[in-house]
Colleague: 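I have a structure I would like to understand better, so I am pasting it below and will then ask my questions one at a time.
Proteins get letters first, then strands, A, B, ... in listed order; numbering begins at 1 in each.
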Amino acid sequence: MSLKTFHLVFVTVSVLLMLVIAAWNFGNYRDNGTPADLTWGIASVVVAVGLLIYGKVFLRKFKNVSYL
Amino acid sequence: MDIPYTVKPRPDTGLYNAKVGIWLFLASEVMLFGAFFSAYILLRVTAQHGFWPDVADGWPHGLLNIPIGTFNTAVLISSSVTVVMAWMALKENNFPKFRNFMIFTVACALGFLGIKTFEYKEKFSHYVIRTTDGKVVTGHLDVDGKSPLFWNLDTVKSKNIEKLKVEVDIPNKYRFPVGMHVPEDIHKAHAEGRHHDEKEIEVSQIESLKAFIPSTHPFFAIYFTMTFLHGLHVLGGALVLAYFTFIGTDLWKTNPEQFTNRIEVGGLFWHFVDLVWIFLFPVVYLL
């Protein structure tokens, strides 16, 4: 597995982490209604989407580099 | 002597030798960290109830600084992006660009370690105090304007202190696991910007006083063990990447392909270290 492939795995896991953090913040917001939790939750979703877009751009830019 | 397959793939594996080597090494690392994650699960499910008398959960929550942990996560994710960019810069034959990205990566690693050191120091001066009436508070001691590290009840008694000034934490909401309602007075205190209450506690009323160190609770034991082990990996990775950036660059002039492969191998290790943190962060900070 090349660094390119491992990087894509890493970006995928990072997106999942951001979604976990978002769920955790939304859970806190549901329990306590603190606006900061809602803000952090939304911010985490935004970062997750940003990482997805980055992954797509990365794939397009380095399509000639081997996956092995 | 010529070392074979440093650039060209070996026919039977289809990879150059260093890449096979680093993946074998990373497989052993997965087993190492996997053992610690297993230990974490076992410690957590067997934890004795009553760390917080008012929370029916044996596992402490809300004792780590989540914003700082989140910032450190962002630092490591950024460094993974830049190490890949450095490798790609070499593939584009652009050495100055490679060096800039690598400097940023090493700076991120050092930044991460600096922040972690600050976090550790903060924990060593943070105490959990149990009083004879069954109450438990956490906070920092105030001894002549200083916040001492690594004290215990014997240290306090040996200094003939009768009353201990404590900046008692107003529990943050993260002390109460998701699904549990946080008491209104805690919300109110935080809304008013109050995070601590200054109190004086009679030393004779103190049953135990322990810093946030590994022997205080299995949570701290596994937290310090795993994060310290991870920190050592960050330090090791940073040293190797710094070597490639500043000292070991002559190879670029004589054998650029091999140099590029070395950076790829270093980058693979760096990604592994960052991936461990991606799992470690939610496990110890959030859950």
Colleague: Centroid-to-centroid, B:F98 to B:F95, below 6.0 Å?
Modeller: yes
Colleague: So for B:L15, is it side chain, backbone, both, or neither that comes closer than 4.5 Å to the heavy atoms of chain A?
Modeller: side chain
Colleague: Heavy atoms under 4.5 Å from chain B: which residues of residues 3-10 of chain A carry them?
Modeller: A:L3, A:K4, A:F6, A:H7, A:F10
Colleague: Residue by residue, scan residues 35-53 of chain A and write down, ordered by number, those that have a heavy-atom distance under 4.5 Å to chain B; if none do, write 'none'.
Modeller: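 A:D37, A:L51 fall under the 4.5 Å cut-off.
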Colleague: Less than 4.5 Å to any heavy atom of chain A: does that hold for the side chain of B:F281, its backbone, both, or neither?
Modeller: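 The side chain, not the backbone.
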Colleague: Salt bridge check, B:K97 against B:E92: does any charged N sit closer than 4.0 Å to a carboxylate O?
Modeller: yes
Colleague: In this structure, are over 12 heavy atoms from other groups packed under 6.0 Å from B:L24 atom CG?
Modeller: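 Count over threshold, so yes.
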Colleague: Can you tell me how far apart CD (B:E257) and CG (B:L90) are? Round to the nearest 0.5 Å.
Modeller: 11.5 Å
Colleague: Indicate whether the side chain of B:E264 and that of B:Y16 have a donor and an acceptor atom separated by less than 3.5 Å.
Modeller: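 On atom types as modelled, these side chains qualify, holding a pair under 3.5 Å.
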Colleague: Side chains of A:S66 and A:S2: any donor to acceptor distance under 3.5 Å?
Modeller: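 A:S66 and A:S2 do not have a side-chain donor-acceptor pair below 3.5 Å.
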Colleague: Under a 4.5 Å cut-off applied to non-hydrogen side-chain atoms, are B:T245 and B:I103 in contact?
Modeller: yes
Colleague: What part of A:V65 gets closer than 4.5 Å to chain B, counting heavy atoms only: side chain, backbone, both or neither?
Modeller: side chain
Colleague: More than 12 non-hydrogen atoms from neighbouring residues, nucleotides or ligands closer than 6.0 Å to CZ on B:F246, yes or no?
Modeller: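 Yes, because the 6.0 Å sphere around CZ of B:F246 holds more than 12 heavy atoms from other groups.
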Colleague: Please classify the contact of B:V265 with chain A as side chain, backbone, both or neither, using a heavy-atom distance under 4.5 Å.
Modeller: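 Nothing of B:V265, per the 4.5 Å heavy-atom cut-off to chain A.
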Colleague: Are side-chain N/O atoms of B:S79 and B:W270 paired as donor and acceptor at under 3.5 Å?
Modeller: yes
Colleague: Using the six-membered ring wherever Trp is involved, compare the ring planes of B:Y223 and B:F219 and label them parallel, tilted or perpendicular (cut-offs 30° and 60°).
Modeller: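 Plane angle under 30°, so parallel.
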Colleague: What about the rings of B:W277 and B:F112, do their centers lie closer together than 6.0 Å?
Modeller: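 Yes, they do, as the ring centres are separated by less than 6.0 Å.
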Colleague: Which answer fits B:T73, side chain, backbone, both or neither, if we ask what part of it has an atom under 4.5 Å from a heavy atom of chain A?
Modeller: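 Contact with chain A: side chain only.
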Colleague: Kindly state whether the ring of B:Y40 and the ring of B:F36 have centres lying under 6.0 angstrom apart.
Modeller: no
Colleague: Taking side chain as everything from C-beta outward and backbone as N, CA, C, O, which of these in B:I22 sits under 4.5 Å from a heavy atom of chain A? Side chain, backbone, both or neither.
Modeller: neither
